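Not measured: the values here are computed from a predicted model.
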Amino acid sequence: MLLERNNGPSFLQEIEDKREVEISSCFQCKKCSNGCPVNFAMDIMPHKIIHMIRLGLKDEVLKSSTIWACASCETCTTRCPNNIDIAKLMDALRQIATDLEFDTAQKDVPVFHAAFLSSVKKRGRIHELGMIGEYKLKTGDLMRDSMLGWEMFKRGKLKILPSGIRGRKEVRGIFEEAQRRKKS
């Protein structure tokens with residue numbers, strides 16, 4: 001029997017039942033961690049995150065920078081011999097941390113995450129300049145990286161106006177459906 005540090009519903013149960021990510025079949029082979037292209041930026045390897053969830057170490061998992069460093073590239077998911085959707089797990093953990101307004105090791109990362117999603121919701125895709133502007137206003141750090149931004153702008157990497165896409169209404173519908181599911 002696994003130890004549970006927290007009272008109340010099991011963290012593992014919350015992940016598997018409410019977030020619909022099956023992780024119980026993980027046997028700690030480490031293929032997810034060894035194949036992750038951004039594991040150098042993680043404080044806890046993905047296989048250890050799964051183990052910590054099974055131990056009920058909710059606070060430690062939600063404080064980790066790993067859940068925010070994950071690029072959701074799904075390399076881990078494709079390498080998993082038990083078909084565990086680790087990218088979906090990281091999405092679920094980010095959402096739980098956001099919902100609980102959890103203090104993370106890197107405080108600005110959830111703000112960046114929110115600005116990213118806001119840009120996608122508004123325009124159907126990322127408008128980098130708009131997203132960066134929203135992020136900078138929320139963090140109050142307007143000048144850091146300004147020279148990098150200028151260089152990117154000069155090279156045409158930051159567009160002043162967002163480009164349009166088809167299906168903006170459908171993208172907004174996805175966000176609305178997610179909000180409905182979150183409330184139920």
Side-chain angles (χ1 to χ4, degrees), residues 15 19 32-49 52-53 57-77 86-179 181-183:
I15 296 295
R19 307 296 172 156
C32 54
S33 297
N34 291 337
C36 178
V38 293
N39 66 10
F40 64 88
M42 297 178 169
D43 57 349
I44 303 169
M45 293 294 109
H47 75 282
K48 287 184 179 177
I49 290 286
M52 291 169 72
I53 291 169
L57 302 174
K58 187 175 186 176
D59 291 354
E60 290 83 352
V61 168
L62 297 179
K63 282 181 187 173
S64 77
S65 63
T66 296
I67 63 175
W68 301 103
C70 171
S72 298
C73 68
E74 300 189 0
T75 301
C76 52
T77 302
I86 300 162
K88 185 177 179 181
L89 169 65
M90 295 299 173
D91 285 340
L93 294 172
R94 283 191 289 265
Q95 193 58 52
I96 292 169
T98 302
D99 291 347
L100 297 175
E101 297 179 3
F102 221 84
D103 286 334
T104 61
Q106 300 166 354
K107 294 181 181 185
D108 293 342
V109 174
V111 177
F112 183 85
H113 180 70
F116 179 89
L117 291 177
S118 174
S119 182
V120 172
K121 184 178 179 181
K122 286 178 194 166
R123 298 174 186 90
R125 64 181 300 181
I126 293 295
H127 174 235
E128 289 87 356
L129 193 59
M131 180 191 74
I132 291 169
E134 183 175 334
Y135 169 73
K136 291 291 188 180
L137 286 173
K138 287 183 178 176
T139 60
D141 185 10
L142 300 176
M143 297 311 291
R144 194 175 82 196
D145 305 324
S146 60
M147 291 311 295
L148 176 63
W150 177 243
E151 288 299 321
M152 290 176 70
F153 180 75
K154 286 191 320 190
R155 296 177 188 200
K157 302 294 183 189
L158 294 177
K159 306 286 184 207
I160 292 177
L161 297 176
S163 55
I165 67 159
R166 288 187 215 159
R168 286 172 61 178
K169 185 177 176 184
E170 288 81 4
V171 171
R172 251 185 257 125
I174 292 169
F175 279 92
E176 290 167 5
E177 178 63 24
Q179 281 295 338
R181 287 184 185 193
K182 188 176 168 183
K183 290 179 182 174

Query raised in the report: For V120 and F175, what are the C-alpha separation, side-chain angles and deciding distance, and is it a side-chain contact (heavy atoms from CB on, under 4.5 Å)?
Result: CA-CA 9 Å; V120 172; F175 279 92; 3.8 Å; yes

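- Side chain of H113 to main chain of T98: no donor-acceptor pair is present (N/O by atom type, distance under 3.5 Å, no hydrogens or angles).
- Between atom CG of residue L129 and atom CZ of residue F153 there is a gap of 7.5 Å, rounded to the nearest 0.5 Å.
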**Report entry** Derivation of the side-chain contact (heavy atoms from CB on, under 4.5 Å) call for S163 and R125
**Finding:** CA-CA 9 Å; S163 55; R125 64 181 300 181; 3.4 Å; yes

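- Across all non-hydrogen atoms, the minimal contact from A87 to E74 is CB-CG, 3.7 Å.
- Listed here is the closest heavy atom pair of A71 and V38: N-CG2, 4.1 Å.
- Residue E177 qualifies as enclosed at atom CD: its count of foreign heavy atoms under 6.0 Å is above 12.
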Report task. Applying side-chain contact (heavy atoms from CB on, under 4.5 Å), run through D145 and K136 and close with a yes or a no. Result -> CA-CA 10 Å; D145 305 324; K136 291 291 188 180; 3.9 Å; yes

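- No side-chain heavy atom of L89 sits under 4.5 Å from any side-chain heavy atom of T77.
- Considering K48, H47, M42 in turn, H47 is the only one that fulfils the side chain to side chain contact (heavy atoms under 4.5 Å, CB included) rule with S33.
- Counting all heavy atoms, side chain and backbone alike, M131 lies closest to S119 at CB-CB, 4.1 Å.
- With a 4.5 Å cut-off on side-chain heavy atoms, K121 and V171 do not count as touching.
- Salt-bridge annotation for E176 and R172: absent, with no side-chain N of the basic residue lying under 4.0 Å from a carboxylate O of the acidic one.
- Taken from CG in L117 to CD1 in I126, the straight-line distance is 8.0 Å, to the nearest 0.5 Å.
- Not counting sequence neighbours, the partners of K122 by the salt bridge (Lys or Arg N to Asp or Glu O under 4.0 Å) test are E134.
- Side-chain contact between V61 and I96: absent, with no pair of heavy atoms (C-beta onward) separated by less than 4.5 Å.
- Between P37 and T75, some side-chain heavy-atom pair lies under the 4.5 Å cut-off.
- By the side-chain contact (heavy atoms from CB on, under 4.5 Å) test, S72 is found to be paired with C70, D91, R94, residues two or more places apart in sequence or in another chain being considered.
- In this structure, I67 and I44 have side chains that are not in contact, with every pair of non-hydrogen atoms separated by 4.5 Å or more.
- Within a 6.0 Å sphere centred on CZ of F102, other residues, nucleotides and ligands contribute more than 12 heavy atoms.
- Distance check, rounded to the nearest 0.5 Å: CE of M45 to CG of N34 gives 9.0 Å.
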Query - Trace of the side-chain contact (heavy atoms from CB on, under 4.5 Å) decision for M143 with S146 - result: CA-CA 5 Å; M143 297 311 291; S146 60; 4.0 Å; yes

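- In the displayed structure, K138 atom NZ is contacted under 6.0 Å by more than 12 heavy atoms of other residues, nucleotides or ligands.
- For D43 and T66, the side-chain atoms include at least one donor-acceptor pair closer than 3.5 Å.
- Residue C36 holds its SG atom at 8.0 Å from CE of M90, rounded to the nearest 0.5 Å.
- With rounding to the nearest 0.5 angstrom, the CG atom of L158 is 11.0 Å from the CD atom of E151.
- Taking R123 as the reference, nothing meets the salt bridge (Lys or Arg N to Asp or Glu O under 4.0 Å) condition, with sequence neighbours excluded.
- In terms of modelled atom types and a separation under 3.5 Å, the side chain of T139 and the main chain of Y135 share a donor-acceptor contact.
- Rounded to the nearest 0.5 angstrom, I174 CD1 and Q179 CD are separated by 13.5 Å.
- Of the residues listed (D141, L148, L142), the one engaging R144 in a side chain to side chain contact (heavy atoms under 4.5 Å, CB included) is D141, and it is the only one.
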